[in-house]
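Computation of the quantities below employed the complete heavy-atom set of this structure, encompassing side-chain atoms and omitting hydrogens, waters and symmetry-equivalent molecules.
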Amino acid sequence: MQSSLFRHALVLGLVSAIGPFAIDMYLPALPEIGHSLSADIAQVQLSLTVFFLALGLCQLLYGPLSDHFGRKPPLYFGLALFVVGSIGCALAPDIETLIVLRFIAGVGACAGTVIPRAVVRDLHTGVEATKLTSMLMLVFSVSPILAPLAGSLVISVASWRWIFWTVSALGVLGIALLASQLEESRPASARTASTLGGVLGTYWTLLRDRHFMALTLIGAFGMSAFFAYLGNSSFLLIGHYGVTPMQYGFFFSINAAAFIGVAQFNGRLCARYGLVRVVEAGVAGFASIALLLWALFAFGVDRLDVLSVLVFCSFGFLGLVVPTTAVLALETHGEIAGTASALLGTTQMVTGAVVMGVISQFVDGSPMPMVSGIGGCALIAGVLTWFTLAKAAHASSAPAH
């Protein structure tokens, strides 16, 4: 079992990381891309936002397709489209073309975002699913930890365009791993016959499931806090605090390491205290630190060390929240795991894109727009947890098995 868990985590983690790697490796190059293509900050950020929107919205398509055709065929198609879109980005002559091709690449990349969660649900439930999800995130951590450093290294020795050649090669590697290392987890006998009416009916059923939607939104606003940092931190740290692109890669990586590192304790904590209590504790820690961060900066603190330490700690608590809410949300939807995973992922990505879009309207070169976005997401996640999971915590007070 442990060997199988590790193999699945390795393959699914690497496939899942391809899309995020294309985001994180790209972040240190945002200022240079703007200069190279004569684009302003809002236009460059739009190339990031459309990638998120594609990652989110197209999951609604990939989820039902994976329930109907199996998990691997949509993964092959998505990764191939990602490779084509990324090659196009490497050759883009202007910012408008880059934005369009980033959207196309995002349409392809989202297959690797939604379908691996469904594969986890195909293979495991409960604590075993939490263990696999946390192991998957450990492999997945290669993206937020190494990608900004790799991107900084690339732009220090070559053009930003080589970032897109690099992620294209990673897409090809992902296709090879799928073909050689991952078996189909959705046999023909378990596949659903999909019609437009049936798919819409399934989504409507999930949208009316208050427990599913509450858990999805808690995870969505937790991830949105990370997206708020992701979309604004390169401009803030490089432009406002004066760090180098390589130093920025370090700052970004340690926050991602906090998230991934804490997530590795999920299996043990959930087995001992139950999944719901772990979510409650994680949200409480995240919200408390994020709101402290906002209060300090609102009262005039403007220091990189304070920002870095508090963001590091708050994102560490998110490592308890995001994977555990996903497992809980999918727990009772095994027969439509692909569709449920798609709605969960779409909600997270679209919420994150909206948060980034709202923050971009208030960007003034100071930390406050980003800090306010993180604090606002934490507050909403805390309120949702308080009003939706209190009764579930009592019902789930015994350790999960």
Side-chain angles (χ1 to χ4, degrees), residues 9 12-14 16-21 23-25 27 52 55 113 116-117 120 130-150 215 218-234 237 248-270 275 278-293 307-328 344-345 348-349 351-352 355-356 370-371 373-375 377-378 381-382 385:
L12 295 174
L14 290 175
S16 299
I18 289 172
F21 202 92
I23 297 171
D24 300 334
M25 190 175 181
L27 296 178
F52 272 103
L55 278 178
T113 302
R117 284 195 301 266
V120 171
T130 305
K131 288 180 179 178
L132 178 53
T133 302
S134 296
M135 290 173 66
L136 186 153
M137 291 185 68
L138 181 62
V139 180
F140 180 89
S141 67
V142 68
S143 168
I145 292 176
L146 295 183
L149 297 174
L215 289 162
I218 291 167
F221 280 101
M223 284 301 297
S224 293
F226 190 77
F227 292 161
Y229 182 83
L230 185 152
N232 294 274
S233 57
S234 62
L237 269 64
Y248 167 74
F250 169 76
F251 280 108
F252 189 92
S253 298
I254 60 173
N255 292 322
F259 181 95
I260 301 301
V262 173
Q264 303 315 302
F265 295 96
N266 274 340
R268 273 182 254 171
L269 291 173
C270 290
L275 278 68
V278 169
V279 171
E280 288 192 314
V283 171
F286 162 57
S288 298
I289 297 172
L291 291 174
L292 173 63
L293 172 68
L307 177 70
S308 300
V309 169
L310 292 181
V311 168
F312 175 86
C313 294
S314 64
F315 286 178
F317 278 106
L318 280 181
L320 298 178
V321 176
V322 175
T324 311
T325 52
V327 170
L328 275 171
L344 183 148
Q348 288 187 347
M349 290 294 179
T351 302
V355 167
M356 286 195 299
M370 184 187 80
V371 167
I374 293 173
C377 289
T385 302

Indicate the atoms forming the closest heavy-atom contact of G375 with L291, along with that distance.
-> O-CD2, 3.6 Å
Side chain to side chain contact (heavy atoms under 4.5 Å, CB included) partners for A287, two or more places apart = A378
Look up atom CG in L269 and atom OG1 in T324, then write down how far apart they are to the nearest 0.5 Å.
-> 8.5 Å
About how many Å separate CG of L320 and CZ of F259, when rounded to the nearest 0.5 Å?
-> 9.5 Å
Looking at F286 and A225, what are the two nearest heavy atoms and their distance?
-> CZ-CB, 3.6 Å
Side-chain contact test, heavy atoms from C-beta onward, threshold under 4.5 Å: evaluate it for F251 versus V311 and give yes or no.
-> no
What pairs with S288 under side chain to side chain contact (heavy atoms under 4.5 Å, CB included), at least two apart in sequence or on another chain?
-> none
Non-hydrogen atoms of N232 and A228 that approach each other most closely = ND2-O, 2.9 Å
Mind checking ring pair (Phe, Tyr, Trp, His ring centres under 6.0 Å) for F317 and listing every partner two or more places apart, or none if nothing turns up?
-> none
Can you measure from SG (C270) to CG (L328) and round to the nearest 0.5 angstrom?
-> 7.5 Å
Rounded to the nearest 0.5 Å, what separation is found between the CG atom of N255 and the CZ atom of F250?
-> 9.5 Å
For T325, which residues count as a side chain to side chain contact (heavy atoms under 4.5 Å, CB included) partner, sequence neighbours excluded?
-> L215, I218, V279, V321
Sequence neighbours excluded, which residues qualify as ring pair (Phe, Tyr, Trp, His ring centres under 6.0 Å) partners of F315?
-> F226, Y229
Shortest non-hydrogen separation from S314 to A290 and the atoms involved = CB-N, 4.3 Å
Heavy-atom closest pair, residues V322 and G219 | CG2-O, 4.3 Å
By side chain to side chain contact (heavy atoms under 4.5 Å, CB included), which residues pair with L310, not counting sequence neighbours?
-> I289, L292, L293, L296, V306
What one should report as the nearest heavy-atom pair of Q348 and F227 is O-CE1, 3.7 Å
